[in-house]
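Have a look at the structure below, then the notes.
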Amino acid sequence: MSDPERSGAGPHPSAAPDPDPAPDQAARRARAAQRRPLWIVVALLVAAAAALGGASGLTWDAAADLDGGDVVPALVPLALLCLAAIAAAVALGGWARRALGGVVLLAGVAAGVQGVGADGPLTGRGLVLAGAALVVAAGALLLARGAAMPKLGGGYRAPGAVERTADPERELWNALERGDDPTDRD
């Protein structure tokens with residue numbers, strides 16, 4: 001009676017083996033890797049908006065009572081563009097996100113040019129250049145990986161939508177998970 005099937009200690013004959021969890025983990029890692037650049041873009045744009053907004057609030061010329069927004073009037077609109085680009089980057093997908101990347105990249109270059117050409121303290125110009133570099137990095141990342149990043153609502157399916165796989169055995173497991181009887185042939 002050392003045989004597990006005769007003693008009843010082994011698996012039930014009708015019990016199916018557990019599906020391999022490795023493909024699910026690999027798929028989860030791949031989805032996380034796709035989302036990661038999107039959150040990097042968001043973080044870059046937030047930091048750039050903070051740098052550009054901070055540079056606009058600094059006093060650049062105390063004698064003339066001018067702050068960064070007076071010396072470089074485009075700083076506040078560029079900071080607002082960064083904040084708007086966050087919403088657009090999350091909501092858009094495909095070629096539209098790449099086009100946004102081009103606009104963001106050009107805005108970063110424009111901010112850099114204005115920062116280099118401005119007369120002001122090193123701190124103010126440094127913040128402008130740091131913000132410009134962050135905007136350029138975000139735009140380049142959107143251009144390079146924008147189409148591969150997930151878009152808003154991309155993880156949702158319509159109710160009743162059936163996930164199809166190439167593996168027929170996995171199809172049976174998916175049917176069981178949905179509560180369908182795969183043996184019921186109507």
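Heads up: numbering here begins at 1 and tracks the sequence.
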*What is the distance from atom CG of Leu92 to atom CZ of Arg98, rounded to the nearest 0.5 Å?*
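Between atom CG of Leu92 and atom CZ of Arg98 there are 13.5 Å.
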*asked:* Could you measure the distance from the CD atom of Gln114 to the CZ atom of Arg125? Nearest 0.5 Å is fine.
replied: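 Answer for the CD-CZ pair, Gln114 versus Arg125, is 14.0 Å.
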Identify the two heavy atoms, one from [X] and one from [Y], that lie closest to each other, and give their separation to 0.1 Å.
X	Y	answer
Leu83	Ala49	CD2-CB, 3.8 Å
Ala118	Val72	CB-CG2, 3.5 Å
Ser56	Val76	OG-CG2, 3.7 Å
Leu52	Ala111	CD2-CB, 4.5 Å
Cys82	Val135	SG-CG2, 3.4 Å
Gly108	Val136	C-CG2, 3.6 Å

*So, do Thr59 and Leu66 sit near enough that their side-chain heavy atoms are less than 4.5 Å apart?*
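Heavy-atom side-chain distance check fails, nothing below 4.5 Å.
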Out of curiosity, does [Y] fall in the hydrophobic cluster containing [X] (side-chain heavy atoms, cut-off under 4.5 Å, transitive links)?
X	Y	value
Leu141	Leu105	no
Leu106	Val128	no
Leu75	Leu129	no
Val109	Val103	no
Leu143	Leu81	no

*Give the intermediate values and the outcome of side chain to side chain contact (heavy atoms under 4.5 Å, CB included) for residues Leu58 and Thr123.*
CA-CA 9 Å; Leu58 286 177; Thr123 307; 4.0 Å; yes
*Does a sphere of radius 6.0 Å around CG in Asp70 hold more than 12 heavy atoms from other residues, nucleotides or ligands, not counting ones at 6.0 Å or beyond?*
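More than 12 heavy atoms, drawn from other residues, nucleotides or ligands, come within 6.0 Å of this atom.
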_Donor-acceptor under 3.5 Å (Arg97 side chain, Gly146 main chain)_ =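 Confirmed, Arg97 side chain pairs with Gly146 backbone.
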*Between Trp60 and Ala55, is there a donor-acceptor pair closer than 3.5 Å when you use the side chain of the first and the backbone of the second?*
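A pair under 3.5 Å: yes.
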*Please step through side chain to side chain contact (heavy atoms under 4.5 Å, CB included) for the pair Leu134 and Leu45, ending with a clear verdict.*
CA-CA 7 Å; Leu134 292 169; Leu45 289 172; over 6 Å; no
